[in-house]
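Please read the structure below before turning to the comments.
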There are 2 protein chains.
Amino acid sequence: MKENISLNNSEWCIMEALWQEQPKTLMQLVYEMKEKQGWSKSTTGTMLRRMQEKAYIRFEEGEKARLYFTDLKREKVVLKETESFLNRAFGGSLGLLVNTFAENNQLTEKDIEELKQILHKAEEKREEN
Amino acid sequence: MKENISLNNSEWCIMEALWQEQPKTLMQLVYEMKEKQGWSKSTTGTMLRRMQEKAYIRFEEGEKARLYFTDLKREKVVLKETESFLNRAFGGSLGLLVNTFAENNQLTEKDIEELKQILHKAEEKREEN
DNA sequence: CAAAAAGGTTGACAAATGTAATCCTTTCTG
DNA sequence: CAGAAAGGATTACATTTGTCAACCTTTTTG
C-alpha cells in the first residue's frame, strides 16, 4: 500500500516513541515530546492529526483517552529510508558508504570486528538457501 | 564554518552536477536539470539563487556567462549527512545498518566480498598508526 | 541588422513543515 | 462541588520547498 513512506524529522520522533512502546495516549506523547523536542501540547496534537491523515498512525478509543498506534514496521520504514538515502548519497552502494567511513577513520577497531561478524553471519545465511 | 549543511533533494541535484564537474554555467545546469528533473529554466535559476544565499555555491564572472562553483567537499557533506542519517535511523550505529541489510537479504555475494575487502583495508590502515 | 538563444532577475503561489494559542469538553481530586 | 488536569478540535502563522511565468539584457547567428 503505502509506497513513499518518507518521514520527516518530527514524524520520526513520534514514530520512535510509538515503536518503543505501543500504544500510547495523547498525554504520554505530549510529555515525551515536551522532553525530547520541547514541543507544546498543541504541537504534539497537530503532529498526531497530520500523521493520521497520512495514515502513519491511527487510534482506538480507550477507556478514557485514545490509544495511538502505528502499523508501520520500523524495519520496513528504516529499510526504505536507507535505500533512498543510499541512492542519494552513494549511488545506492552500501560498500561506498562503508568505504567512506573507513577512509575517514570513522571506524573503530570494535566497529570493524562487529561488521566482520555481521558479514560472517550473512554469508552463512546465504549458504543456507 | 558551515555547521548544518543539510541538503534537500533539489539541492543535492545541483550539487551533484557541480561535483561531477566544476564550474558550470547557468545554461549547462539548466539543461542538466531539465533532463534529470524536468525543471524549467527559472526553476533552476531560483535554486541557484537560493543556494547562493545559503552559501552552498558561488559564481565568478566568466567571459560571457557566470561560472558556478561549490566549495563544499562532497566527502564532507556526505559524511555529515550519513552521520545524521545513522543517528536518526540506527542510533548512530553503522553496524546496525549493515545488519539490517543483511537480515533482509539485501546483501549479494558480491556486496559481502566488497565489504570484506573494505574492512580489510581499514584494518591495515589502522595498524599503520 | 533582426530574430533567436543565452543569461539573469523578480515576484509569485501552493504545499509542506514547524510551532502554537484558543477554546471546548470530560474527568479527576482536594 | 469547583477548580485543575487531561483530552481533543480548530485555526493560525511563519518558513521552507518546489515550481514557474514574465520580463529584461546581452550575445549569437542566419
Side-chain angles (χ1 to χ4, degrees), chain A residues 2-18 22-69 77 81 84-85 88, chain B residues 2-18 22-69 77 81 84-85 88:
Chain A
K2 275 280 129 209
E3 274 309 303
N4 299 22
I5 327 147
S6 176
L7 305 174
N8 62 36
N9 259 308
S10 319
E11 289 165 349
W12 262 97
C13 293
I14 302 273
M15 293 301 277
E16 288 290 9
L18 288 181
Q22 268 194 92
K24 280 181 177 165
T25 65
L26 173 65
M27 279 298 123
Q28 280 181 293
L29 290 166
V30 166
Y31 288 137
E32 272 188 66
M33 294 304 118
K34 166 84 77 189
E35 283 306 296
K36 282 195 250 177
Q37 302 295 122
W39 290 355
S40 76
K41 182 186 142 199
S42 35
T43 299
T44 300
T46 300
M47 285 308 304
L48 255 26
R49 173 166 49 78
R50 290 183 184 167
M51 289 174 74
Q52 283 170 67
E53 285 161 12
K54 296 187 185 181
Y56 291 165
I57 63 177
R58 67 187 168 81
F59 64 81
E60 287 172 13
E61 297 297 347
E63 310 190 21
K64 181 181 160 198
R66 294 177 175 174
L67 298 173
Y68 286 91
F69 294 84
V77 173
E81 297 261 349
S84 81
F85 174 74
R88 260 158 81 98
Chain B
K2 274 282 130 211
E3 274 307 302
N4 300 19
I5 326 146
S6 176
L7 306 174
N8 61 38
N9 259 308
S10 319
E11 288 166 349
W12 263 97
C13 292
I14 302 271
M15 293 301 278
E16 288 291 9
L18 288 180
Q22 268 193 94
K24 281 181 176 167
T25 65
L26 173 67
M27 277 300 122
Q28 281 181 292
L29 289 167
V30 165
Y31 287 137
E32 273 189 64
M33 294 305 119
K34 165 85 76 189
E35 285 304 297
K36 281 194 248 174
Q37 302 294 121
W39 290 354
S40 76
K41 182 184 140 201
S42 34
T43 298
T44 300
T46 300
M47 284 309 304
L48 256 25
R49 171 165 51 79
R50 290 181 184 168
M51 290 175 75
Q52 282 170 69
E53 285 161 10
K54 297 187 185 181
Y56 292 164
I57 64 177
R58 67 188 169 79
F59 65 81
E60 288 172 13
E61 298 295 347
E63 309 190 23
K64 179 182 162 199
R66 295 174 175 175
L67 298 173
Y68 286 91
F69 294 84
V77 174
E81 298 259 351
S84 79
F85 175 74
R88 263 159 77 101

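Predicted model, so just to flag it, every value in this text is computed and none were measured. By convention in this document, chain letters (A, B, ...) are assigned in the order of the sequence lines, proteins followed by strands, and residues within each chain are numbered from 1.
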Donor/acceptor link under 3.5 angstrom from A/Thr46 side chain onto base of C/dA20: yes
Check: D/dT17 base within 3.5 Å donor-acceptor of B/Arg49 side chain: no
Distance in angstrom units between B/Leu67 CG and C/dA6 C1', rounded: 14 Å
Flag, side chain of B/Thr25 to backbone of B/Gln28, donor-acceptor distance under 3.5 Å: yes
Test item: B/Gln37 and B/Thr44 side chains (from C-beta on) under 4.5 Å apart, heavy atoms: no
Any A/Ser42 side-chain N or O less than 4.0 Å from OP1/OP2 of C/dA21: no
Residue closer to the 5' end of DNA chain C, B/Leu26 versus A/Gly38 (nearest nucleotide): B/Leu26
Flag, side chain of A/Lys24 to backbone of A/Ala17, donor-acceptor distance under 3.5 Å: yes
Value in whole Å for how far the P atom of D/dG8 lies from CD1 of A/Ile57: 12 Å
Short side-chain N/O contact from B/Asn8 to OP1 or OP2 of D/dT16, under 4.0 Å: no
Interatomic distance, A/Glu61 CD vs D/dA6 C1' [rounded to whole Å]: 14 Å
Length of the CE-P vector between B/Met47 and D/dC20, whole Å: 12 Å
Side-chain donor or acceptor of A/Lys36 paired with backbone N/O of A/Cys13 under 3.5 Å: no
Sugar-phosphate only, base, or nothing, as touched by B/Phe59 at under 4.0 Å among non-hydrogen atoms: nothing
Contact under 4.0 Å: A/Ser10 side-chain N or O vs C/dG18 OP1/OP2: yes
Length of the CG-P vector between B/Leu48 and C/dT10, whole Å: 14 Å
B/S/- contact track for nucleotides 23-30 of chain D, protein heavy atom under 4.0 Å: ----SS--
Integer-rounded Å distance: D/dT15 P and B/Lys54 NZ: 14 Å
Listed nucleotide nearest any side-chain atom of B/Thr43, set C/dA20, D/dA6, D/dC20: D/dC20
B/Met51 side chain reached by B/Glu11 side chain, heavy atoms, under 4.5 Å: yes
A/Tyr68 vs A/Gln52 side-chain heavy atoms within contact, under 4.5 Å: yes
Carboxylate-amine/guanidinium proximity below 4.0 Å for B/Glu60 and B/Arg58: yes
Exam field: side chain A/Glu81 to backbone A/Leu7, donor-acceptor pair closer than 3.5 Å: yes
No-hydrogen, no-angle side-chain donor-acceptor test under 3.5 Å, A/Ser40 and A/Thr43: yes
Angle between terminal axes - the helix from C/dC1-D/dG30 to C/dG30-D/dC1, 5 pairs each end, rounded to 10°: 0°
Interatomic distance where CD1 belongs to A/Ile14 and P belongs to C/dT19 [whole Å]: 12 Å
Side chain to side chain, A/Ile14 and A/Trp39, heavy atoms closer than 4.5 Å: yes
Sugar-phosphate, base or nothing in reach of B/Tyr68, heavy atoms under 4.0 Å: nothing
A/Lys24 NZ - D/dA6 P separation (whole Å): 17 Å
Polar pair under 3.5 Å, donor/acceptor by atom type, side chain B/Arg50, base C/dT10: no
Contact under 4.0 Å: B/Trp39 side-chain N or O vs D/dT19 OP1/OP2: yes
Listed nucleotide nearest any side-chain atom of B/Met27, set D/dA6, C/dT19, C/dG7: C/dG7
